[in-house]
Every structure is written in structure tokens, then in C-alpha cells.
Amino acid sequence: MRAAVSGLTLHEPRTVREALRLLRDEAPLTPLAGCTDVFVQFQFGTTGARAFLDLSRLAQLRRIRVQGDVLSIGALATYSDLIRSRAVRQRLPMLVAAAREVGGPQIQNRGTLGGNIANGSPAGDALPVLAAAEAVLVLVSADGERRVPFLEFYTGYRASVLRPDELIAAIEVAPFEGVQWFRKVGTRAAQAISKVVMAAVRAPRPRFALGSVAPTVVRLPHTEAALAAGEPLAEAQRVLADEIHPIDDVRSTADYRRQVAVNLLGAFWKDTEGARGHRGTRAQ
Ligand SMILES: Cc1cc2nc3c(=O)[nH]c(=O)nc-3n(C[C@H](O)[C@H](O)[C@H](O)COP(=O)(O)OP(=O)(O)OC[C@H]3O[C@@H](n4cnc5c(N)ncnc54)[C@H](O)[C@@H]3O)c2cc1C
């Protein structure tokens with residue numbers, strides 16, 4: 001069922017300060033970034049929101065830069081911005097690989113990294129990258145700013161510590177060593193929601209994160225520990241199969257997801273054997 005357009009309110013702030021004041025004083029407001037998720041919810045009548053805050057004029061929240069040695073990505077950076085950014089390509093190539101797999105060019109031109117995070121779908125393609133990179137989110141409100149480790153942001157299915165009066169302003173990633181790897185498995189190579197998505201870093205302490213196998217994106221500490229301890233790949237894959245608890249849904253079965261996750265771990269490990277730099281692969 002479609003939502004009616006009449007009776008809706010749209011606020012169009014020109015500064016971050018004004019946006020934060022509106023969020024505080026005119027609550028409840030739903031922020032709009034690229035609108036690629038909100039529009040679908042609106043179209044299907046699954047949002048009860050009646051008042052919206054258009055963030056699109058807040059150029060300050062779209063900047064990508066390196067501050068000190070930290071990569072700072074404005075929440076309004078689109079996937080196309082990420083793909084074009086030299087700083088992102090150099091420091092976080094697995095995020096570029098993920099951005100290239102999101103939707104098609106139209107969605108990449110509009111959809112934002114902040115929107116992917118705030119929307120909180122467990123299938124969000126950028127989320128395993130941020131979990132593996134141990135990113136930090138900069139959250140802002142009229143009261144000030146706070147930093148939340150990405151791994152502490154989600155509290156459950158599409159639930160997070162983000163308050164209604166807060167915006168995600170930026171995503172920060174400190175430098176880290178290791179070969180970065182990303183793989184999305186969907187029905188086809190474009191315009192497909194992930195059945196399983198994985199981002200990983202091959203380092204002395206390997207780290208990897210999976211999407212679409214739990215209510216939120218997950219890191220897998222037992223599997224990571226098995227790999228770090230030098231256990232054979234087959235043993236790490238056995239640990240992984242026990243560590244995740246995927247569900248059956250319209251896109252896939254739990255058994256299929258578990259097997260794909262095990263296969264992805266194998267692919268990651270073999271692809272990055274003795275490798276230097278980034279290894280990215282297309283969806284399959
Ligand atoms: C055809 C199609 C294909 C798609 N393909 C993929 C895909 O392959 N992979 C994938 O991961 N996703 C995909 N998506 C989903 C969507 O494009 C992404 O999640 C995108 O990153 C959302 O960003 P947005 O800027 O459009 O968010 P919006 O729709 O504007 O907002 C999404 C949510 O985040 C909130 N929000 C947005 N920005 C902020 C902020 N800065 N601070 C606080 N809250 C905020 C909004 O209030 C809303 O609740 C697809 C969507 C469509 C329609």
C-alpha cells in the first residue's frame with residue numbers, strides 16, 4: 001500500500017546546526033539522505049513517518065578526508081563518491097569493492113554510507129567492511145558529539161544506539177595492516193540483496209565480518225581465534241559453522257547461508273595466502 005503524500009512535512013535545513021536544532025525541536029523527524037531506502041518504505045507503506053528532514057544540502061557531511069592518520073568519511077558520501085575517492089581506494093579498498101556491488105549506478109549515485117548504516121539491514125553491503133575495519137561512528141546532536149565504535153552501534157535487528165535527535169556525521173577508520181578482502185554472494189551481479197556478504201582482513205590477527213547470517217552484522221571471534229592460532233582451515237571452517245546462526249527467509253535457507261559462509265572463509269584464506277594489497281572479487 002502506498003503512503004499518501006498529502007499531510008507530510010519536509011524540513012530543508014541549510015546547515016548542520018539548523019538540522020540538529022530541528023531534530024531536537026520538531027521531533028519526531030526522519031532524516032533523508034539519498035532516500036533509496038526510505039522511498040521503498042514509503043512506497044510499500046511500511047513507514048509511519050509523517051515529517052522528514054532533508055540532509056541533501058549539508059555538503060559538510062559529504063566530505064572524505066584524511067585527518068591526522070584517520071580516514072574520515074562524511075555520512076552523506078555516496079557509493080560513487082567512495083569509488084572515486086583516492087583516499088578510500090588507498091586505505092579501505094574493501095569499501096570500494098563493496099560500493100561497486102551496491103545496486104546499480106543509479107543507487108550508487110544516490111545511496112549513502114550513512115544511510116546504509118542507519119537503515120541497519122543485516123544485508124547492508126558496507127556493514128561487514130566497517131565491522132572488519134573497526135570503524136568509529138561520529139554521532140552529532142544539538143547537545144554535542146560522541147564517538148561510538150561501529151561494533152557497539154547495533155543493539156538488535158535494525159536497532160541501534162542512535163538517538164532520534166542524533167545524526168551520523170562521519171565514519172572514521174584508523175590505519176591498519178593486512179590484506180583486505182570483500183565478497184558478496186547474491187542472486188546475480190547487480191541489483192541483488194546479499195544472501196551472504198563478507199569482508200575480511202588477513203593480518204597476524206585475522207578479522208572478518210559477515211552480513212545476512214544474523215540479526216545484525218557480526219564479527220566471529222572464535223573463528224578469528226582459530227585462524228590466529230594457526231588451526232587448519234578446515235578446523236576454522238568447522239568453528240565458523242557452529243558460530244553463526246542464520247535463518248531461513250525469502251532469499252535463502254539457513255543451511256545454504258551456513259555453507260556459503262564456510263566457502264567464503266575458504267576463499268578468503270586461499271585468495272590471501274602470501275598476498276599483499278587488496279583482493280576484491282565480484283558477486284557471484
Ligand atoms: C534498487 C535498490 C537496490 C539496492 N541495492 C542495495 C545493495 O546492493 N546493497 C545494499 O547494501 N543496499 C542496497 N539498497 C539499499 C540502499 O540503497 C542502501 O541501504 C543505501 O546506502 C541507503 O542510503 P540512503 O542515503 O539512500 O538512505 P535513506 O533512504 O535516505 O535513509 C535510510 C535510513 O537511514 C536514515 N539516515 C540516513 N542518513 C542518516 C544520517 N546521516 N544520520 C542518521 N540517520 C540517517 C534515514 O532516516 C532512514 O531511516 C538498495 C536499494 C534499492 C532501492
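Both counts, for ligands and for their atoms, begin at 1 and track the order of listing. None of the values given here were measured: they were computed from a predicted structure.
Residues forming a ring pair (Phe, Tyr, Trp, His ring centres under 6.0 Å) with Tyr154 (at least two apart in sequence, or on another chain): Phe150. In this structure, Glu243 has no salt bridge (Lys or Arg N to Asp or Glu O under 4.0 Å) partners at least two apart in sequence or on a different chain.
Looking at ligand 1, you won't find any N or O of Gly114 less than 3.5 Å from one of its N or O atoms. Remark: ligand 1 and Leu162 share no N or O pair separated by less than 3.5 Å (distance only, no angle test). At under 3.5 Å, a nitrogen or oxygen of Ala33, whether backbone or side chain, sits near a nitrogen or oxygen of ligand 1. Checking only distances, Asp37 does come within under 3.5 Å of ligand 1, N or O to N or O. Between Asn116 and ligand 1, at least one N/O pair is under 3.5 Å apart. Geometrically, ligand 1 and Val38 share a nitrogen or oxygen pair separated by less than 3.5 Å. Considering both main-chain and side-chain atoms, Cys35 comes within under 3.5 Å of ligand 1 through a nitrogen or oxygen pair.
Of all atoms in ligand 1, listed by their number and element, those nearer than 4.0 Å to a heavy atom of Thr112 are 20 (C), 21 (O), 23 (O), 24 (P), 25 (O). In summary, the atoms of ligand 1 found under 4.0 Å from a heavy atom of Val102, numbered by their order in the structure, are 6 (C), 7 (C), 8 (O), 9 (N). For ligand 1, the atoms lying closer than 4.0 Å to a non-hydrogen atom of Ile107 are 1 (C), 2 (C), 3 (C), 17 (O), 52 (C), 53 (C). Atom numbering of ligand 1 starts at 1 in the shown order; those under 4.0 Å from a heavy atom of Ala75 are 41 (N).
For the pair Arg158 (side chain) and Asn119 (backbone), a donor-acceptor distance under 3.5 Å is present. Judged purely by atom type and a 3.5 angstrom limit, Lys184 has no side-chain atom pairing as donor or acceptor with the backbone of Asp125. Remark: the backbone N or O of Glu172 is not paired with any side-chain donor or acceptor of Ser72 at under 3.5 angstrom.
Look at Glu101 and you'll find a heavy atom under 4.0 Å from some atom of ligand 1. For the ligand labelled ligand 1, residue Lys184 lies inside the 4.0 Å heavy-atom shell.
When heavy-atom distances to ligand 1 are checked against a 4.0 Å cut-off, Phe39 has no atom that comes that close, whether in backbone or side chain. At a heavy-atom distance under 4.0 Å, atoms from both the backbone and the side chain of Asp125 approach ligand 1. Proximity of Pro31 to ligand 1, defined as any heavy-atom pair under 4.0 Å, is shared by backbone and side chain alike. Within the 4.0 Å heavy-atom criterion, neither part of Leu113 lies near ligand 1. When heavy-atom distances to ligand 1 are checked against a 4.0 Å cut-off, Leu55 comes that close only through its side chain, counted from C-beta outward.
The 12-atom threshold is not exceeded at CZ of Arg110, counting heavy atoms of other residues, nucleotides or ligands nearer than 6.0 Å.
Once rounded to the nearest 0.5 Å, the distance linking CD1 of Ile73 with CG of Asp81 reads 10.5 Å.
Between Leu227 and Phe208, the closest side-chain pair of non-hydrogen atoms falls below 4.5 Å.
Across the listed options Val197, Val140, Ile168, Ile168 owns the non-hydrogen atom lying nearest to atom 43 (C) of ligand 1.
Taking the centre and axis of the six-membered ring of Phe176, the NZ or CZ atom of Arg207 falls inside the cone set by 45° and 6.0 Å.
Between Glu273 and Lys270 there is no salt bridge, since no side-chain nitrogen of the basic residue lies less than 4.0 Å from a carboxylate oxygen of the acidic one.
Side-chain polar atoms of Thr253 and Asp255 form no donor-acceptor pair below 3.5 angstrom.
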